[in-house]
There are 2 protein chains.
Amino acid sequence: MKQRINIAELARRLGLAVSTVSKAINDRGDVSDATKRRVLEAAEKFGFSPDPAGRRLRTQTSETIGFVLSPPQTHFAHPFFLDLLMGIDQGLSQTPFQLIIVAGRTLETELESFRRLVERQRVDAVMFGRTRRDDPRVRYLQERNVPFVALGRSETGKPFPFVDIDRTVAGRNGTARFVGFGHRRIGLLSTPGYLMISHLLQEGYRAALKAAKLPFDADLVVETSNDEEGGLNGARQLLAMSNPPTAIMCGHDLIATGAMQAIAETGRRPGADIPVIGCDNHPLGPYLNPPLTTFSAPTFEAGRRMVELLLALMDGRSPKELQEIWSPELILRSSHGGQLVAANEV
Amino acid sequence: MKQRINIAELARRLGLAVSTVSKAINDRGDVSDATKRRVLEAAEKFGFSPDPAGRRLRTQTSETIGFVLSPPQTHFAHPFFLDLLMGIDQGLSQTPFQLIIVAGRTLETELESFRRLVERQRVDAVMFGRTRRDDPRVRYLQERNVPFVALGRSETGKPFPFVDIDRTVAGRNGTARFVGFGHRRIGLLSTPGYLMISHLLQEGYRAALKAAKLPFDADLVVETSNDEEGGLNGARQLLAMSNPPTAIMCGHDLIATGAMQAIAETGRRPGADIPVIGCDNHPLGPYLNPPLTTFSAPTFEAGRRMVELLLALMDGRSPKELQEIWSPELILRSSHGGQLVAANEV
DNA sequence: GAAATCTCCGAAAACGATTTCGAAAATAAC
DNA sequence: GTTATTTTCGAAATCGTTTTCGGAGATTTC
């Protein structure tokens, strides 16, 4: 292990005072350009960089932000989140902040993860996703006054910064597209409605039905887990109805994947016989059978933007002006069914 | 923001000395059970927990370990790594260590990420994956004497701890299975051979050929990028040969996905006409067309185990006894082709 | 050329914990 | 009851940095 040098030693070698060296390195005023240069060069030469422990102690800032992976993400599943992480990291790389991640184990202990993060580890800020309509995490963080930004909005508490990829437009436009193709009974496979994205998806779905003056049938929407298995089971349930849907809108590509499987099980062709649309543009979507029509989800960009919003927030900007809702775009492949009616989307 | 209390204030309220409180909290000897209990209760009551900044400064340990995501992982792709991360986090959750992750941007700046992590951020240890035959990261970390454990072995430097999911057996058993079905020209779609996993895969492939007394044809192995597109292009190249392979072994399920696409493009049926086997048990494998035969990759468990190895290493155990090679298991679905010869795997 | 004003630099005080080492109190030994 | 030994506690040093504030020395102003 190479010998490490501290600021006092560096000052000694330079014949300067510690304070001067510190100011030079942190570019605070009160030090001439000449000595600043001299210090910087020496720091480079001797491989000095301030020990974060000392700095943190003095400045009372950890220069870390915490990210909590929500419980249902455990085990495989969503490339989505990896992409989000990469975006966040990308954004953070321009700042002095470090990203520390922890995975919430279960829904019950999830808040505990937040507490550990802010009360023990003392991160400067927090990020998370999978917001819920009523979200205890939002309440907790606002109560303790810790800066945070979420992926997704919520109905909880005072305004907070977020980036939200709007599931309403996915629900509305997807459903409307089916309507345009002449479908009158459209199934919706969604994750539980307490999740914000699911709630919004269902809202969009209803809005599209209403616009088309179609009745809402509660039996046509089933809430499942956000994975292939959920899609499989949910679609089986829909298809077993006496009056089954003729098209299925899904809250996620993984759900759509399972749904197409279920459709194939009944001897019908997913896409051609029963069209399906998913959400979030899973990378393997184009390789499914048939290739999956879906809605875009620029997760990487969202992550990067979340960092910007967080920085702005910590810089004193008002949360209200730090809320962004992004519209996903329809990505047409072929699972959405025939080209009967060409362009009829809302 | 709730008022935070420090150890001095807690000691004052208890009528004890700071040192006593500290010892009680860290369970160092030299303090009676009675006062220890008293201190612990008071800490709980007043919501005190030691400021990590102070502790780190004094103990000269950061209690963080860094994980570097390798560059090619950027943008979507591998659920693999998320799973690994979850495993690592799971393992770490029993320890005082925090996980901080950074994403190496490009191969050139990757070492820079390591340097920042150990020289500036001063993590106590490091983890990474995607080892290479000649791996500068290994060299750097060993040189600086920082504890680390890798996912995958390497040919670089002195022994170090790792968990390796053995690609040799995937290459050998996959190829052997094709041989058992009577194939004599077997294609191999691998990632570049400087990656350890690819090198091992190719070794396994050659071993199987040798065992079956089949000639090795360099034209039959093509190195591509580790994603769907790589598989697509690689398989196109193989199929365009004057004497194309009749079966294709792939270094990853994503590659296999692209390969099956390429096969379908030529009007042949992947699986039935040209069988394909992948690696790493991608969660969507069962939903591909046809369902993908692959090799298991218990990434979550590997992550958890890596943490245990790391802890053992930091506890003074010799690196040599902290190396584990796990054999992946064949997961039969149907893309490996006909049941011509029933059970003929090695 | 003296006074006023700027520029730089340095001494010392935090920040909050852990750890060493010596002292006091409690217990044991005789 | 005195001494020896063990147990329990406390004072102070230390980790490495940033920041405040005062004081030289250089520069300008009249």
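The structure displayed is predicted, hence computed values, not measured ones. Letters A, B, ... mirror the listed sequences (proteins, then strands); counts begin at 1.
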Subject >> Point-to-point distance, once rounded to the nearest 0.5 Å, from CG of A/L82 to CG of B/D83 >> reply: 11.0 Å
Just to confirm, is there a sub-4.0 Å distance from OP1 or OP2 of [N] to any side-chain nitrogen or oxygen of [X]?
{"X": "B/T20", "N": "D/dC9", "answer": "no"}
{"X": "B/R28", "N": "C/dT19", "answer": "yes"}
{"X": "B/R55", "N": "C/dT18", "answer": "yes"}
{"X": "A/T35", "N": "C/dC8", "answer": "no"}
{"X": "B/N6", "N": "C/dC15", "answer": "no"}

Original post:
Considering only side-chain heavy atoms of A/S32, which listed nucleotide, C/dC8, D/dT18, C/dT18, is closest?
Top reply: C/dC8
**OP:** Side chain of A/Q60 only, please: which of C/dG16, D/dT18, C/dG10 is the nearest?
**Re:** C/dG16
**OP:** Looking at every strand, decide which applies to A/T59 at a 4.0 Å heavy-atom threshold: base, sugar-phosphate, or nothing.
**Re:** sugar-phosphate
Original post:
Taking 4.0 angstrom as the limit, do B/E119 and A/R4 come out as a salt bridge?
Top reply: no
Subject >> 5' priority, DNA chain D, between B/R122 and B/D33 [closest heavy atom] >> reply: B/D33
Original post:
For B/S19 and A/P52, take the nucleotide of DNA chain D holding the closest heavy atom to each; which residue's nucleotide lies nearer the 5' end?
Top reply: B/S19
Subject >> Closest-nucleotide ordering on DNA chain C, the 5'-leading residue of A/V18 and B/V18 >> reply: A/V18
Original post:
Got a sec: does the CZ of B/R13 have more than 12 other heavy atoms crowding it under 6.0 Å?
Top reply: yes
Subject >> A/R120, CZ: over 12 other non-hydrogen atoms inside 6.0 angstrom >> reply: no
